[in-house]
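Heads up, the thing below is written out as structure tokens.
In this chain, residues are counted from 1 in sequence order.
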Amino acid sequence: PADPSSPQEHGLDFQRLLDASAYKEMFRQDMIRWGEEKRHTDPGFFCRAAVEGARQPVWVVSDTRRLSDVEWFRDVYGDVVQTVRVVATEETRKRRNWVFVTGVDDAESECGLDQGVAFDWVITNDGDKVALGEQLEMLLQSLHKSL
């Protein structure tokens with residue numbers, strides 16, 4: 001059965017909620033509130049959904065937002081978990097049309113991993129394609145060695 005708070009139940013366009021459009025921004029705070037309610041009831045709800053049916057030897061779980069997500073993966077999968085943080089300067093983010101919104105960008109959903117996590121990898125993405133490629137190549141080589 002569909003979740004009564006799902007995008008489909010509210011007549012929302014799921015694909016448009018995935019992009020960076022103004023459409024998504026209209027519903028962003030409601031989505032965050034819904035997600036918080038789900039996490040409060042069941043901290044592993046979204047983590048289990050992310051790995052359901054996955055059989056590949058390497059998974060990329062993108063866009064985790066909270067310490068509880070990282071802790072869930074580490075508790076369930078142990079030392080094979082590799083955490084990767086992608087960073088960019090505020091200048092770079094503004095050039096990419098990011099604008100800080102109080103109540104959204106300072107919420108746990110946006111900055112919950114700014115402290116408390118020792119990331120295995122920190123990748124800088126400030127627009128230098130060569131530097132980004134070199135960093136990603138090092139990460140991929142490390143993953144290949146661990147298979």
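Between Glu37 and Arg33 there is no salt bridge, since no side-chain N of the basic residue sits under 4.0 Å from a carboxylate O of the acidic one. The residues Arg74 and Asp79 are annotated as not salt-bridged, no charged nitrogen and carboxylate oxygen being separated by less than 4.0 angstrom. A salt bridge links Glu110 to Arg65: one of the charged nitrogens lies within less than 4.0 Å of a carboxylate oxygen.
Across Ala88 and Asp126, no two heavy atoms sit closer than the pair CA-OD1, 3.3 Å. In terms of heavy atoms, Phe119 sits closest to Leu113 at CE1-O, 3.7 Å. For Pro57 against Leu147, the heavy-atom pair with the smallest separation is CB-CD2, 4.1 Å. Nearest approach of Val81 to Asp120, heavy atoms of both residues: O-OD2, 3.6 Å. The minimum heavy-atom distance linking Ala131 with Asp128 is given by the pair N-OD1, 3.0 Å. Contact between Gly35 and Phe46 at its shortest, heavy atoms only, is O-CE1, 3.8 Å.
The aromatic rings of Tyr77 and Phe73 sit parallel, their planes meeting at an angle under 30°, below the 60° perpendicular limit.
Hydrophobic clustering (ILVMFWY, side-chain heavy atoms < 4.5 Å, transitive): Val70 and Val61 are in distinct clusters. Cluster annotation: Leu143 is not connected to Val80 through the hydrophobic network of ILVMFWY side chains, with a link wherever side-chain heavy atoms come within less than 4.5 Å. Using a 4.5 Å cut-off between side-chain heavy atoms of Ile, Leu, Val, Met, Phe, Trp and Tyr, with links allowed through other members, Val122 and Val117 fall into the same hydrophobic cluster.
For the pair Gln135 (side chain) and Thr124 (backbone), a donor-acceptor distance under 3.5 Å is present. Counting only distance, with no hydrogens or angles, the side chain of Trp59 and the backbone of Gln56 share a donor-acceptor pair below 3.5 Å.
In the displayed structure, Glu52 atom CD is contacted under 6.0 Å by at most 12 heavy atoms of other residues, nucleotides or ligands.
At a threshold of 4.5 Å between non-hydrogen side-chain atoms, the residues Glu90 and Trp98 count as touching. A 4.5 Å side-chain heavy-atom check between Val51 and Trp72 finds at least one atom pair inside the cut-off. Proximity of Glu71 to Arg66: side-chain heavy atoms (C-beta onward) are nowhere separated by under 4.5 Å. Using a 4.5 Å heavy-atom cutoff, the side chains of Glu137 and Gln141 are in contact. The side-chain heavy atoms of Ile123 and Val87, taken from C-beta on, include no pair separated by under 4.5 Å.
Taken from CG in Asp42 to CZ in Arg48, the straight-line distance is 4.0 Å, to the nearest 0.5 Å. Note that OG1 of Thr83 and CG of Asp69 are 12.5 Å apart. Values are rounded to the nearest 0.5 Å.
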Q. Should Phe45 and Arg39 be marked as a side-chain contact (heavy atoms from CB on, under 4.5 Å) after you check the CA-CA gap, both sets of side-chain angles, and the distance that decides it?
A. CA-CA 7 Å; Phe45 177 83; Arg39 279 184 184 82; over 6 Å; no
Q) Does the side-chain contact (heavy atoms from CB on, under 4.5 Å) test come out yes or no for Asp114 and Arg85, once each step is laid out? A) CA-CA 10 Å; Asp114 288 352; Arg85 181 176 180 99; 2.6 Å; yes
